[in-house]
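Take a look at the structure set out below.
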Amino acid sequence: MTDVFDPAPAAALLAQAWREGRQLTELPADIRPTTLKQGYAVQEAFIAAGGDRVAGWKLGVGSVSAMRAAGTDRPLVGRVLETRRHPNEATVAPLCQAPVTVEFEIAFVLGRDIAPGAAPADPMRAVASTHIAFELVLSRFINRRAVGWPSFVGDNVGFEASILGPQIDPAAIKRGVSSVSVQANGEPKARGLTGEDGIDPVQALRYLFDHACDQGITLRAGDMVTAGAVAQPFDIAPGHTELTATFLGQTLRAVVVPK
């Protein structure tokens with residue numbers, strides 16, 4: 001007889017760590033997910049335990065090189081939470097005082113509900129607007145890369161916050177990414193990623209539709225979708241950091257401060 005995996009204990013531990021602003025070394029072996037399917041079950045229970053409304057979706061580990069290294073055929077998917085979704089020029093206080101990974105991304109806002117299996121062949125037909133955005137990644141694990149992908153998925157793929165910036169022309173994505181510049185406290189930190197280290201944001205949206213279909217999830221009009229890093233991610237230390245990114249004349253700003 002095969003034991004049925006119960007995601008609740010792992011989810012409760014992750015939720016407690018987030019509330020308390022602390023990090024874990026790993027999940028105990030007897031409650032740890034060992035497959036991505038189990039990891040997504042933990043994620044579902046983790047989000048429910050937090051009580052925050054889902055306001056969108058985030059994709060990670062989505063470049064060709066990253067997926068090859070991870071042994072996956074699509075990006076990892078997490079949820080954007082309402083109280084951690086911010087407008088341009090927001091001041092954000094991470095819940096844990098640990099290094100934060102900054103990712104400059106292309107984000108979409110969905111224009112209609114998408115039931116499982118009802119995604120349009122052209123993903124952009126479901127999009128109301130396209131934006132530049134920051135995602136702040138701060139895992140509930142001290143070393144998110146060491147705990148394994150199922151645990152990282154259970155941890156909501158390390159989501160801490162998203163900052164939705166100015167609207168852009170989706171036809172300009174490729175041209176803009178090639179010239180993007182990201183700064184922290186005025187110091188250049190990142191340029192656009194290319195080749196197998198880069199991502200195609202529209203293809204990332206397709207991957208999200210596939211994931212939602214597999215999971216039986218209806219995506220909602222108004223959901224924000226951050227498609228994955230299109231510039232080299234970088235870490236910032238705990239403290240006060242002013243982030244700026246420029247993209248074809250548009251400017252994205254955020255300030256990260258201690259809790």
TODO: Go through R53 and T83 one step at a time and tell me if the side-chain hydrogen bond (donor to acceptor under 3.5 Å, both in side chains) criterion holds.
DONE: CA-CA 8 Å; R53 190 181 79 83; T83 63; over 6 Å; no
Task: Reported CD1-to-OG1 distance for the pair I132 and T226, which is rounded to 0.5 angstrom - done: 14.0 Å
Task: Residue pair L219 / L208, side-chain heavy-atom distance below 4.5 Å - done: yes
Open item on the list: For the CD atom on E44, are there more than 12 heavy atoms of other groups (residues, nucleotides or ligands in this structure) within a distance under 6.0 Å?
Closed with: no
Open item on the list: For a quick test of reading the model, state the closest non-hydrogen atom pair linking G239 to P258 and the distance between them.
Closed with: O-CD, 3.6 Å
TODO: Side-chain contact test, heavy atoms from C-beta onward, threshold under 4.5 Å: evaluate it for V225 versus V109 and give yes or no.
DONE: no
Task: Gap separating the CG atom of L136 from the CD1 atom of I236, nearest 0.5 angstrom - done: 6.5 Å
Open item on the list: To the nearest 0.5 Å, what is the distance between NZ on K37 and CG on D214?
Closed with: 11.0 Å
Open item on the list: Quick one, P33 and P7 - any side-chain contact, counting heavy atoms below 4.5 Å?
Closed with: no
Open item on the list: What I want to check is whether the side chains of T34 and Q38 have a donor and an acceptor closer together than 3.5 Å.
Closed with: yes
- [ ] Output the distance between atom CD1 (I47) and atom CG (L81), rounded to the nearest 0.5 Å.
- [x] 4.5 Å
Open item on the list: Looking only at the side chains, is there a donor atom on one of D197 and S63 sitting less than 3.5 Å from an acceptor on the other?
Closed with: no
Task: Shortest non-hydrogen contact between A121 and R206, atoms and distance - done: O-NE, 4.1 Å
Open item on the list: If hydrophobic clusters are built from ILVMFWY residues whose side chains come within less than 4.5 Å, do V64 and W149 share one?
Closed with: no
- [ ] Mark yes or no for whether D223, through its side chain, and R220, through its backbone, hold a donor-acceptor pair below 3.5 Å.
- [x] yes
- [ ] State, to 0.1 Å, how close F152 and G158 come at their nearest heavy-atom pair, and which atoms those are.
- [x] CE1-N, 3.4 Å
Task: Heavy-atom side-chain proximity of L14 to Q16 below 4.5 angstrom - done: no
Task: Non-hydrogen side-chain atoms of V127 and V202 separated by less than 4.5 Å - done: no
Task: Polar contact flag, side-chain donor to acceptor under 3.5 angstrom, R191-Q232 - done: no
Task: Verdict with supporting geometry, S139 and D155, side-chain hydrogen bond (donor to acceptor under 3.5 Å, both in side chains) - done: CA-CA 7 Å; S139 175; D155 178 39; 2.6 Å; yes
- [ ] Answer yes when E105 and K58 have at least one side-chain N-carboxylate O distance shorter than 4.0 Å, and no when they do not.
- [x] no
Open item on the list: I need the minimum non-hydrogen distance between P28 and L13, along with the two atoms involved.
Closed with: CD-CD2, 3.6 Å
TODO: Kindly indicate whether the side chain of H131, heavy atoms from C-beta on, has any atom under 4.5 Å from the side chain of I106.
DONE: no
TODO: Please check if V137 and V61 belong to a single hydrophobic cluster, counting links between Ile, Leu, Val, Met, Phe, Trp and Tyr side chain heavy atoms closer than 4.5 Å.
DONE: no
- [ ] Answer whether the closest heavy-atom distance between the side chains of P87 and E89 falls below 4.5 Å.
- [x] no
- [ ] Quick one: closest heavy-atom pair of A133 and M224, and the distance?
- [x] CB-CE, 4.3 Å
Task: Carboxylate-amine/guanidinium contact E135 R85, below 4.0 Å - done: no
Task: Point-to-point distance, once rounded to the nearest 0.5 Å, from CZ of R74 to CZ of F209 - done: 13.0 Å
Open item on the list: Could you see if V147 belongs to whatever hydrophobic cluster contains L36? Use Ile, Leu, Val, Met, Phe, Trp, Tyr and a side-chain cutoff under 4.5 Å.
Closed with: yes
Task: Polar side-chain atom of T130 near backbone of F108 as donor-acceptor pair, under 3.5 Å - done: no
Open item on the list: If we check side chain to side chain contact (heavy atoms under 4.5 Å, CB included) with W57, which of these qualifies: V80, L110, I217?
Closed with: I217
Task: Nearest-0.5 Å distance that lies between atom CG in L138 and atom CD in Q23 - done: 5.5 Å
Task: Stepwise side chain to side chain contact (heavy atoms under 4.5 Å, CB included) test for L243 and V255 - done: CA-CA 6 Å; L243 300 171; V255 180; over 6 Å; no
TODO: Please say which of W18, F159, Y40 ends up in a ring pair (Phe, Tyr, Trp, His ring centres under 6.0 Å) with F46.
DONE: W18
TODO: Would you please test F134 and H86 for ring-ring contact (aromatic ring centres under 6.0 Å, His included) and show each step?
DONE: CA-CA 10 Å; F134 284 131; H86 303 280; over 10 Å; no
Open item on the list: Check whether R32 reaches the backbone of L27 with its side chain - one donor and one acceptor, N or O, closer than 3.5 Å.
Closed with: yes
Open item on the list: Between V4 and D6, is there a side-chain heavy-atom distance shorter than 4.5 Å?
Closed with: no
TODO: Given side chain to side chain contact (heavy atoms under 4.5 Å, CB included), test E103 with V230 step by step and report yes or no.
DONE: CA-CA 8 Å; E103 297 184 352; V230 295; over 6 Å; no
Open item on the list: For residues M67 and L193: do they belong to one hydrophobic cluster (side chain heavy atoms under 4.5 Å, members Ile, Leu, Val, Met, Phe, Trp, Tyr)?
Closed with: no
Task: Side-chain donor-acceptor pair present, T244, E242, cut-off under 3.5 Å - done: no
TODO: Kindly indicate, with the supporting measurements, whether the criterion side chain to side chain contact (heavy atoms under 4.5 Å, CB included) is fulfilled by T25 and F141.
DONE: CA-CA 6 Å; T25 301; F141 297 110; over 6 Å; no
- [ ] For residues C213 and G117, report the shortest heavy-atom separation together with the two atoms involved.
- [x] SG-N, 3.5 Å
Report, one line per pair, each donor and acceptor closer than 3.5 Å where one atom sits in a side chain of residues 162-180; sequence neighbours left out.
from: D169; atom 1: OD1; to: A171; atom 2: N; distance (Å): 2.9
from: S178; atom 1: OG; to: R175; atom 2: O; distance (Å): 2.7
from: S179; atom 1: OG; to: G176; atom 2: O; distance (Å): 3.2

- [ ] Indicate whether the side chain of T218 and that of D113 have a donor and an acceptor atom separated by less than 3.5 Å.
- [x] no
Task: N156 side chain vs R79 backbone, donor-acceptor pair below 3.5 Å - done: yes
Task: E160/R84 ion pair, N-O < 4.0 Å - done: yes
